[in-house]
Amino acid sequence: MIAGLQKLGRYSLALGLAATSRGLWRRDEIGRLVNVLDLFSAPKIVHNFSHMDQVFHTRALPADGVTPSPLPQGTAQDLPAEVHDWIADRDVTGIVVLKDSAIVFEDYYKGTSAHDRRISWSISKSYLSALFGVLHGEGAFGSLDDPVTKYAPTLKGGAYDKASVKDVLQMSSGIRFNEDYLAFFSDINRMGRVLALGGSMDGFATAQKHSAAEPGARWEYVSIDTHVLGMIIRGATGADVATLMNDRIIKPLGFEVDPYYLADGFGEAFVLGGLAVTTRDNARFAQMFANGGIWNGQQIVPADWVAESTTPSAKTEPGEIRYGYQWWIPHGSEDGAYLGRGIYGQYIYIDPARNTVVSVHAANRSFRDDGVQEEDERIFRLIAASLE
């Protein structure tokens with residue numbers, strides 16, 4: 001997500017400096033653009049990914065006195081040698097492996113620590129799916145077949161006019177949206193500029209007017225669908241996503257370190273990729289899903305939603321990785337394993353059959369290379385199998 005912001009920095013910095021001379025730009029906007037310039041550069045990417053609150057607007061998710069939940073230490077396990085090679089090759093910054101809800105392997109690299117709140121990028125989508133499931137269980141939504149515009153009326157007359165709630169959950173809205181991270185004028189990078197410059201993400205979504213397919217006809221990964229899912233949640237509940245996420249998911253899980261969301265200039269959480277958490281707390285979230293939505297004896301996410309959202313239901317092409325409701329289901333996972341995934345090598349891998357969870361943060365600038373994701377998935381299966 002927002003991988004094109006390096007180009008944004010160079011291009012917009014020049015525009016911003018010129019505009020400043022005319023008194024049109026605020027100092028903080030220029031500061032963000034300067035930081036964005038080197039956001040993904042090799043010397044700074046590791047530091048930046050643990051300090052995104054120094055670059056963007058944020059929304060805090062405070063614990064408000066909630067005691068962190070226990071995450072017990074199990075019998076320490078060494079991992080196969082090729083896993084250690086993979087850790088080095090992928091520029092992993094943090095990894096936590098749970099077996100039977102206990103830590104059996106944990107380590108941090110490249111000068112980072114267990115307390116770093118690392119950007120999880122699109123793992124944030126899986127968190128939002130979990131929140132949607134909680135609210136759905138509470139009766140906040142009438143039906144997954146309801147039109148998007150029932151809950152987000154500002155989208156009437158645009159690209160989402162005929163889409164259903166289920167369509168955006170499955171990334172099957174049919175919207176015409178270019179998710180090319182390397183193209184400066186792609187839709188995904190235009191959206192990134194809105195975030196970096198403190199604009200309105202809702203305004204950006206409302207401005208989308210063009211479709212490429214009928215809603216529900218095909219699957220296409222477009223991150224704007226997740227923002228629209230956040231608009232649906234806000235419209236149905238009258239509450240903002242950051243508050244709901246904190247109250248329904250984060251506090252019940254008892255995170256060790258208060259997470260935060262990146263936010264737009266109006267304080268709305270960047271729900272499609274902006275959640276910053278520790279690697280250990282991501283493992284808590286993943287283990288709760290491995291437990292069928294239960295954490296410390298409390299049913300946080302309804303069990304039927306855990307099952308439904310992580311079942312491959314989207315109309316992906318044969319041979320493609322499969323997709324549920326903002327969760328990925330790799331091939332070779334017939335035993336029920338699934339994962340949340342973010343750019344630059346962020347993962348939570350969940351294998352309920354083996355009761356194994358792998359939580360990974362990384363700064364892998366080669367994440368787009370052919371075969372990288374498939375090899376990552378193989379490594380996760382190898383880790384789970386090695387702990388049997």
Side-chain angles (χ1 to χ4, degrees), residues 1-4 40 45-46 49 79-80 82-97 109 118-127 129 170-172 178-183 186 188 218-223 225-226 272-273 275 279 282-283 285-286 289 309-351 356-386:
M1 188 56 249
I2 338 176
F40 304 104
I45 187 172
V46 171
F49 278 17
L79 302 179
E82 63 180 304
V83 176
H84 292 282
D85 293 339
W86 173 85
I87 287 170
D89 289 343
R90 293 297 192 267
D91 289 313
V92 168
T93 54
I95 179 170
V96 173
V97 180
Y109 310 89
R118 309 162 204 265
I119 189 69
S120 291
W121 297 122
S122 288
I123 292 175
S124 308
K125 294 178 169 72
S126 299
Y127 274 83
S129 174
Q170 294 179 319
M171 297 257 181
S172 301
N178 184 343
E179 189 110 358
D180 185 350
Y181 302 123
L182 298 180
S186 69
I188 193 70
R218 72 180 191 190
W219 174 87
E220 183 180 3
Y221 188 84
V222 289
S223 290
D225 277 4
T226 311
L272 60 92
L275 193 58
T279 310
N282 258 356
F285 173 73
F289 258 70
S309 64
T310 59
T311 297
S313 58
K315 295 178 181 177
T316 55
E317 293 293 327
E320 285 184 344
I321 188 171
R322 298 164 296 170
Y323 202 71
Y325 298 162
Q326 311 283 301
W327 288 95
W328 300 91
I329 301 92
H331 289 286
S333 298
E334 284 67 25
D335 54 358
Y338 52 93
L339 54 86
R341 183 173 74 188
I343 58 171
Y344 292 93
Q346 325 312 318
Y347 287 100
I348 47 174
Y349 177 81
I350 301 164
D351 185 338
T356 298
V357 160
V358 183
S359 174
V360 174
H361 280 108
N364 178 21
R365 285 157 46 89
S366 300
F367 73 98
R368 296 185 200 88
D369 289 358
D370 289 345
V372 165
Q373 291 175 349
E374 292 80 3
E375 177 65 7
D376 292 348
E377 293 156 13
R378 186 189 71 81
I379 288 293
F380 300 144
R381 290 193 293 271
L382 174 64
I383 291 172
S386 74

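Remember, it's a predicted structure, so these values are computed and weren't measured experimentally. Numbering starts at 1 and runs along the sequence shown.
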Is any side-chain heavy atom of F289 closer than 4.5 Å to one of S309? yes

How about R368 and Y344: do any of their side-chain heavy atoms sit closer than 4.5 Å? yes

Can you list the residues that meet the ring pair (Phe, Tyr, Trp, His ring centres under 6.0 Å) rule with Y109, with sequence neighbours excluded? none

If only atom types and distance count, is the side chain of S186 paired as donor or acceptor with the main-chain N or O of D180 below 3.5 Å? yes

Check ring pair (Phe, Tyr, Trp, His ring centres under 6.0 Å) between Y338 and all other residues, then give those that pass, not counting sequence neighbours. W327

Is the F40 ring parallel, tilted or perpendicular to the W121 ring (thresholds 30°, 60°)? tilted

For S359 and V96, indicate whether the former's side chain and the latter's backbone hold a donor-acceptor pair under 3.5 Å. no

Answer yes or no: is there a side-chain heavy-atom contact under 4.5 Å between V372 and N364? yes

May I ask you to decide whether E377 forms a salt bridge with R341, counting only side-chain N to carboxylate O separations under 4.0 Å? yes

Indicate the ring-plane relationship of Y323 and Y221, choosing parallel, tilted or perpendicular according to the 30° and 60° boundaries. perpendicular

Got a donor-acceptor contact below 3.5 angstrom from the S124 side chain to the L275 backbone? yes

Sub-3.5 Å donor-acceptor pair from the side chain of T93 to the main-chain atoms of H361, do we have one? yes

If only atom types and distance count, is the side chain of K125 paired as donor or acceptor with the main-chain N or O of L272 below 3.5 Å? yes

Going by side chain to side chain donor-acceptor pair (under 3.5 Å), name the residues that satisfy it together with Y349, two or more places apart in sequence or in a different chain. none

Check whether any side-chain N or O of E179 sits under 3.5 Å from a backbone N or O of S223 as a donor-acceptor pair, and report yes or no. yes

Please tell me if the side chains of I383 and W86 come closer than 4.5 Å, counting only heavy atoms from C-beta onward. no

